[in-house]
Amino acid sequence: MCTNITELENFQMFISDILIRNKSILDQTTKLQDACTHLCRTISKAATSCGCITIDATKQQYTFSENTSLDQVKELMKTHVNGKLCENCQELLEKELGRVLFYLSAIANTFDVSLSDVLQKEKYRTELLGKYSLK
Ligand SMILES: [Zn+2]
C-alpha cells in the first residue's frame with residue numbers, strides 16, 4: 001500500500017514537471033471530461049466492436065428480505081459485464097485510465113492537493129462506514 005502512495009506522489013510530481021500545454025484549469029477540467037468520455041467509449045467498444053465482453057444490463061434488485069446480509073446483497077448486485085477483456089481492450093482501458101489519472105493529477109496540482117492525502121482520507125471515510133457506505 002505504501003508503494004502505491006509513493007508512486008502516486010511521484011506521478012503527481014512528474015505531471016507537475018511536464019505539464020505545459022494544459023496549464024489552465026479550464027483545459028484540465030475539459031481534458032478530464034474528455035478522458036472520462038474516452039474511458040467509457042473504450043468499455044462500450046470492447047462490447048460492441050471487439051466483442052470480448054458483453055454488457056447485459058438488467059434492473060438491479062434493491063429490495064431484500066430483512067434476513068439478507070450485506071455480504072449476500074453484495075453478491076446479488078451485478079456488474080452487468082460478462083466475459084473478460086481481451087489483451088488489446090485491456091491495454092486500451094489501461095491507457096484511458098492513465099489519461100484520467102493524468103488530468104486528475106493536473107487538477108490536484110493546480111489546487112495544491114495531494115492525491116495521496118485524498119486517497120488516505122477517502123479510505124478512512126470508507127473504512128469508518130465500511131459496507132454501510134453503500135458506494
Ligand atoms: Zn476486446
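Model, not experiment: these values are computed from the prediction. The figures here come from the full heavy-atom set of this structure, side chains too, leaving out hydrogens, waters and symmetry mates. Note that ligands are numbered from 1 as they come in the structure, with each ligand's atoms numbered from 1 the same way.
- Using a cutoff of 4.0 Å between basic side-chain nitrogens and carboxylate oxygens, Lys95 and Glu91 are not scored as salt-bridged.
- Residues that satisfy the side-chain contact (heavy atoms from CB on, under 4.5 Å) test with Ser44, not counting sequence neighbours, are absent from this structure.
- Here Asp56 does not pair with Lys78 in a salt bridge; the nearest charged N to carboxylate O distance is not below 4.0 Å.
- Looking at every heavy atom in both residues, Gln28 comes nearest to Thr110 through OE1-OG1, 2.7 Å.
- Rounded to the nearest 0.5 Å, atoms CD1 (Ile53) and SG (Cys86) are 9.5 Å apart.
- Nearest heavy-atom pair, Ala46 versus Leu85, reported as atom, atom and distance to 0.1 Å: CB-CD2, 3.7 Å.
- Protein N/O/S atoms closer to the Zn ion (ligand 1) than 2.8 Å number 4 in this structure.
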